[in-house]
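A quick write-up on the structure given underneath.
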Amino acid sequence: ATVAMTPNTAHCVPAFVSKLWTLVEAPSTNDLICWSQDGCSFLVQDEQRFSKEVLPLYFKHSNMTSFVRQLNMYGFHKVVHMDAGLPKADSQVNCVEFQHENFQRAQPHLLGLIRRKVKLISVIIMQYIIMLVQKQSTHTQLLTLRFSHAEMCV
Amino acid sequence: ATVAMTPNTAHCVPAFVSKLWTLVEAPSTNDLICWSQDGCSFLVQDEQRFSKEVLPLYFKHSNMTSFVRQLNMYGFHKVVHMDAGLPKADSQVNCVEFQHENFQRAQPHLLGLIRRKVKLISVIIMQYIIMLVQKQSTHTQLLTLRFSHAEMCV
Amino acid sequence: ATVAMTPNTAHCVPAFVSKLWTLVEAPSTNDLICWSQDGCSFLVQDEQRFSKEVLPLYFKHSNMTSFVRQLNMYGFHKVVHMDAGLPKADSQVNCVEFQHENFQRAQPHLLGLIRRKVKLISVIIMQYIIMLVQKQSTHTQLLTLRFSHAEMCV
DNA sequence: GCCGTTCTAGAATATTCGATT
DNA sequence: TAATCGAATATTCTAGAACGG
């Protein structure tokens, strides 16, 4: 099953999300990427084979890190397992799980709610402050300038 | 019994606490770590075997001191026994007991209340700044208000 | 060849850097990690095998991403190849290269100059604020006190 | 101009070591 | 002395930044 990728003004599904859905649904690659049992997350069974064999079929790269960067950019979160990082038994080797509240099996109508992240205003402000800081030669100058009593009292 | 460990949500159980609960509950290691009789604390019966055999199954180390550091970081306290410091009878050798008001047998719903100690004040300040930010409608307004106009124009 | 890891007052080599040097020098793993031809950088030939077979021998993990995070933390930079991102010929598959001006073949005396990155000035300022905060009893006091000229001039 | 890819950094927890009480 | 904590590095997950399409 695939999902429309064309921009439908209001509720279009981003290209990445659409590809991801197709990827998880595809029976041919279910041994490498598939839904979790309850359908609320998806699993990558063998990170190494997945990145080299499956990713280039959908994206312009074969790096797990780029795939994860996109997942985070769209608000997905890694599901942490109890045995994370421990020397693994063969049965449990290399299982990665990601989740997003609007990415669920049999719920394609939710996909349009998944949005790419943009910068927060707070981040923009902090960056502005840091830029100012870097232009100052001494700490005292900077600190005197920045936080004055009157400004901080709401 | 296991406890959900998903990060980044509001009321999730920290990974360490989740692992600890699993560890104490696990029947297979009840001879080394188990609940106390009243279920209000847990006991480590043989520190040496526990650290070498059980810890590496859940953590990236096999040191009792690292385990204790984490316990203290999450607000657990050692329960001091009356015979502490005395030459120990064989029956009492190597018994360590730790306690936390929200870590009790058959009360997993309390685990979410166990919090890692952090420098909370920094968070409070950041939230305060963010709150200030969110009260402003435009960037220019905000910047003018917070930090004097002259300073922000680089 | 190994490098002393003991803190020698002034110019001790950080544990990570020492391990990295040992790792690159070790003849037994030269097929997976070795010096570049000119000795000014090092190469990881097969990222997948390297991460699973070599990393756990030196670190508490087997993730390339954790290794790269440390490299960046110590000021190493990835050397970008011209064929990055292209469909790779078999001979060139999976070759990763990193470089640091003080990490060179036959120059172990430079290793002490490699330093872990520390927090940015903005963070230091925040911590200073926190220290001030902890001296105050109430929020109102704190906010007024915090950002006044006199307090911030160290 | 937004999205995708890559390299690097931020932020929180984890581990170690030594100081404090 | 024993229990707790501070601080530095280590590991993990997520985000910033630069660049190109």
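Numbers restart at 1 for each chain; the letters A, B, ... are given by sequence-line order, proteins then strands.
Taking the side chain of B:H61 as heavy atoms from C-beta on, and the options D:dT15, D:dA9, D:dG4, the nearest nucleotide is D:dT15. Comparing E:dA10, E:dA15, D:dT8 by their nearest atom to the side chain of C:N72 picks out D:dT8. For C:A15, taking side-chain heavy atoms from C-beta onward, the closest of the listed nucleotides E:dC5, E:dA10, D:dG4 is E:dA10. Considering only the side chain of C:V80, D:dC7 comes nearest among D:dA14, D:dC7, E:dA10.
Within the 4.0 angstrom heavy-atom criterion, only backbone atoms of the sugar-phosphate kind lie near B:Y74; the bases stay farther away.
Under 4.0 angstrom from either OP1 or OP2 of D:dT16 there lies at least one side-chain N or O belonging to C:K60. Considering only side-chain N and O atoms, C:K78 lies under 4.0 angstrom from the phosphate OP1 or OP2 of D:dC7. An OP1 or OP2 oxygen of D:dC7 is reached within less than 4.0 angstrom by no side-chain nitrogen or oxygen of C:H77. For A:K117 and E:dA15, the shortest distance from a side-chain N or O to OP1 or OP2 is below 4.0 Å. Neither OP1 nor OP2 of D:dT5 sits under 4.0 Å from any side-chain N or O of A:N63.
Applying the side-chain contact (heavy atoms from CB on, under 4.5 Å) test to A:E47 and every residue at least two apart in sequence or in another chain returns A:M64, A:N94, A:V96. Legend: residues meeting salt bridge (Lys or Arg N to Asp or Glu O under 4.0 Å) with A:E53, ordered by chain and number and at least two apart, are A:R49.
In this structure, A:V68 and B:R69 both approach DNA chain E, and ranking their closest nucleotides by distance from the 5' end singles out B:R69. Of the two residues contacting DNA chain E, namely B:V79 and C:F59, the nearest-nucleotide position lying further toward the 5' end is that of B:V79.
Bending across the helix from D:dC2-E:dG21 to D:dT21-E:dA2, expressed as the angle between its end axes from five pairs apiece, amounts to 30° (10° rounding).
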